[in-house]
Amino acid sequence: MSALTVFSRSLQYFYAKAKEEISRFTGTPFVDKETKWILTVPAIWGDRAKDFMKLASREAGFAGESETDVEIALEPEAAALSCRIDLQSASEFLGNPDHLRYVLVHFEGGTVDLTVGDLNMSTGSINVLYVASGGASGGTEIDRLIMDKIYQAIGWDVALKIDRTVWLEFERHSVEVGKRITAEQQYASLKVPFALGNALFEAGVDLPTACSKVRGLSYSSRSGFRFSRDLLEESYKQALDSILEQVRELVRKMPNIHCLLVVGGFAEFPLVINQFEQSFSDRSIRIIRPNDSSLSVLKGAVMYGQNPNIVQSRVLRYSYGVQSTILFDEVVHPERLRYKAGGVDYCRNIFRPFAQANKKMKINNPISKDFYPTKSDSTKMVLVLYRSPESEVKYTSDAGCERLYLLELSMPRIELGQERVVVARPAAAQYPGGFFPKQSATPCFLWGFFRCLINSK
C-alpha cells in the first residue's frame with residue numbers, strides 16, 4: 001500500500017468524523033462549500049512533505065470548489081497565534097515592550113519544532129524571524145529510551161522474540177501513562193499487560209532478577225516495571241539535551257529574546273518543564289507553558305484559517321529561482337557555460353531568484369519575473385524551478401542546487417520574435433515556509449506553480 005493511500009485514508013476518516021461532529025453540534029446538515037480546512041504540519045518538514053499532505057487531503061476529499069478550501073498551517077505558528085494572550089500577559093512583567101520576541105518550542109509525539117517570532121503588541125500580528133529547526137526528540141523518543149532500559153533488563157534476544165504487537169500494546173498504554181510522573185512521585189509504574197506478562201513467563205524471564213541488573217529499575221507483581229525518578233529523569237534529559245542546546249544556540253544568535261513558549265502535548269509533562277527551568281535558570285528569560293498547551297496548535301489553526309495574514313512574514317529555508325540565460329560576459333561567466341544562439345553568446349544555467357534563503361519574506365508579496373526567448377522562431381519555452389540552501393546562488397549547476405519542477409509553455413506566435421515575454425508569478429503565497437505547487441495531481445507539478453502569461457511588448 002502506498003504512503004499516499006495510507007495518509008489519504010487516515011485523513012478521510014478524520015474528514016468524515018469532523019463533518020459528523022459539526023453536524024451534531026450545530027444541529028444542521030454540514031455544508032462543504034462553506035468550510036475552509038486547515039492542515040497543520042511540523043515546520044521542519046520539507047517542501048515535498050508539505051505538498052504531499054496537500055495532495056493527500058485532495059485524495060481524501062477535502063478540496064472543494066476553490067483551491068484555498070484547504071490550507072497548510074505550520075504548527076509552531078499556529079501555536080504562537082493561540083498563545084498571544086499568554087505572551088501579552090508576560091509582557092507586563094517585561095516592561096511592556098512594543099514587540100515581544102519569543103522562542104517557541106512545540107513538543108509532540110515524534111518531533112519538536114523550534115521557531116523564533118516577534119509579536120507586535122498593538123496589532124497582534126506575528127513575524128517569523130528565523131528558519132524553523134528541531135528534530136525527532138518528542139514523546140516517542142522518551143518511549144524509545146524507556147523501552148531500551150526494559151530490553152536491556154530482559155535481554156535483547158528475548159525482546160526480539162516477543163511479537164511486536166504485544167510490545168505496542170505495552171507502549172501505548174503502560175508507557176504512555178507511566179512516564180507522566182508528577183512532581184511528588186518518586187517512582188513511575190508501568191503495568192505489565194497479560195499478553196506481555198505471559199510472553200515473558202514463557203520465555204523464562206524472572207522479572208525481579210532481570211530488572212535488578214539496571215540501576216533504578218525494579219519490578220513488582222502489583223506495580224509492574226518501576227522506574228526510579230532519577231532513572232526517568234535521566235531518560236528525559238537524554239532525549240531533551242539536543243533540543244535544549246538548539247534553544248540555547250537560538251538565544252545566543254537572536255538578540256533580545258524575552259521568553260520561551262513551551263507548547264504541545266509533551267510539554268504538559270512536569271519533567272519537561274523542569275529540564276527547561278534548570279537549563280535557563282541563570283538567564284532573565286521567562287518560561288511560559290500555557291494552560292491546555294496540548295490544544296495550542298488546534299486553537300491556533302482555527303485562528304489562522306480565519307485570518308492567514310496575521311502571520312506577516314517568514315524566513316525561508318531555501319532560495320527559490322528559475323534557470324535562465326543571459327548574455328555571456330567573459331569577465332564574469334565561466335567558459336563551460338557559454339553557448340551560442342542566433343549568432344549571440346549566452347551564459348546558461350543562470351539562477352534567477354524569486355526568494356532568498358535565510359531572508360525575511362513578506363506574506364502575499366507579489367513577485368514576478370520576465371522571460372524572453374533566445375531565438376525569434378522559438379515555439380516553446382521551458383521554465384525549470386530550482387532551490388538551494390544557500391542565500392547567494394549564481395548558477396543552477398552550483399553544489400546543493402536542486403531541480404524541483406519543470407514547465408513547458410507553447411509560444412506559437414513566432415511573428416512577434418524575441419519581443420514575446422513570459423511573466424512568471426509564483427502562485428503559492430498561501431503555502432507557508434516555502435513555494436509549493438498548487439496543483440499536484442499530475443506529474444507536471446509546475447502547471448499550477450506558476451501563473452504564466454504570454455504577452456508582447
Side-chain angles (χ1 to χ4, degrees), residues 40-45 73-108 111-121 124-138 236-237 239-269 271-291 293-294 296-297 300 304 310-317 358 360 432-433:
T40 64
V41 300
I44 59 173
W45 276 16
L74 301 185
E75 289 172 354
E77 291 180 9
L81 289 175
S82 72
C83 297
R84 283 179 296 171
I85 294 177
D86 298 276
L87 290 171
Q88 287 165 345
S89 299
S91 70
E92 298 175 9
F93 299 93
L94 299 167
N96 292 310
D98 294 333
H99 291 262
L100 190 147
R101 284 193 172 187
Y102 60 86
V103 175
L104 186 139
V105 187
H106 175 232
F107 283 104
E108 282 301 345
T111 60
V112 179
D113 274 338
L114 302 177
T115 188
V116 182
D118 177 287
L119 172 65
N120 186 312
M121 302 305 294
S125 61
I126 286 175
N127 289 279
V128 179
L129 303 179
Y130 200 78
V131 176
S133 57
S137 298
Y236 271 80
K237 185 177 185 303
L240 295 176
D241 270 351
S242 64
I243 293 299
L244 288 167
E245 181 53 40
Q246 288 185 59
V247 174
R248 283 190 285 266
E249 183 64 23
L250 285 174
V251 171
R252 284 192 290 267
K253 285 182 177 179
M254 305 297 293
N256 304 321
I257 295 295
H258 296 101
C259 60
L260 300 181
L261 191 59
V262 187
V263 300
F266 192 37
E268 295 184 343
F269 291 20
L271 287 181
V272 172
I273 293 299
N274 289 348
Q275 290 293 324
F276 274 85
E277 290 174 343
Q278 291 170 19
S279 297
F280 294 94
S281 59
D282 60 333
R283 298 175 183 270
S284 59
I285 296 177
R286 191 174 182 84
I287 298 175
I288 302 172
R289 184 186 64 183
N291 293 328
S293 64
S294 61
S296 296
V297 171
Y304 180 82
I310 198 72
V311 180
Q312 296 194 333
S313 69
R314 297 187 177 94
V315 178
L316 298 185
R317 189 185 307 277
N358 303 312
K360 187 166 74 171

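- Only one option out of L261, L81, T115, T40 pairs with P76 in a side-chain contact (heavy atoms from CB on, under 4.5 Å); it is T115.
- The structure places CG of L87 at 7.5 Å from CD1 of I126, a figure rounded to the nearest 0.5 Å.
- Residues L129 and M254 come closest through the heavy atom pair CB-CE, 3.8 Å.
- In this structure, V272 and A267 approach most closely via the heavy-atom pair CG1-CA, 4.4 Å.
- Here the closest heavy-atom approach between residue I285 and residue C259 is recorded as CG2-CA, 3.6 Å.
- Proximity of a side-chain donor or acceptor of D113 to a complementary backbone N or O of A43 within less than 3.5 Å is detected.
- Remark: the backbone N or O of S296 is paired with a side-chain donor or acceptor of S82 at under 3.5 angstrom.
- Two residues are said to be in side-chain contact when any heavy atoms from C-beta on lie closer than 4.5 Å; L244 and R248 meet this criterion.
- I44 CD1 to L114 CG: the interatomic distance, rounded to the nearest 0.5 Å, is 8.5 Å.
- With contacts defined as side-chain heavy-atom distances shorter than 4.5 Å, the pair D98/M121 does not qualify.
- Under the 30°/60° scheme for interplanar angles, the aromatic rings of F107 and F276 are found to stand perpendicular.
- How far CZ of R317 is from CH2 of W45: 13.0 Å, rounded to the nearest 0.5 Å.
- Only one option out of H99, Q312, H258 pairs with D118 in a side-chain hydrogen bond (donor to acceptor under 3.5 Å, both in side chains); it is H99.
- Between Y102 and I288 there is no side-chain heavy-atom pair separated by less than 4.5 Å.
- Residues G124 and L119 come closest through the heavy atom pair O-CD1, 3.6 Å.
- Of all non-hydrogen atoms in H106 and V297, the two that sit nearest each other are NE2-CG2, 3.3 Å.
- Here L271 contributes atom CG and K237 contributes atom NZ; the two are 13.0 Å apart, rounded to the nearest 0.5 Å.
- Once rounded to the nearest 0.5 Å, the distance linking CG of L250 with OG of S133 reads 5.0 Å.
- Across all non-hydrogen atoms, the minimal contact from V112 to V105 is CG1-CG1, 3.8 Å.
- To the nearest 0.5 Å, the span separating CG on L240 from CD on Q275 amounts to 5.5 Å.
- Residues V116 and R101 fail the side-chain proximity criterion, which asks for heavy atoms closer than 4.5 Å.
- When the shell of 6.0 Å around OH of Y130 is examined, it contains 12 or fewer heavy atoms from other residues, nucleotides or ligands.
- Looking only at side-chain heavy atoms (C-beta outward), P290 and V263 come within less than 4.5 Å of each other.
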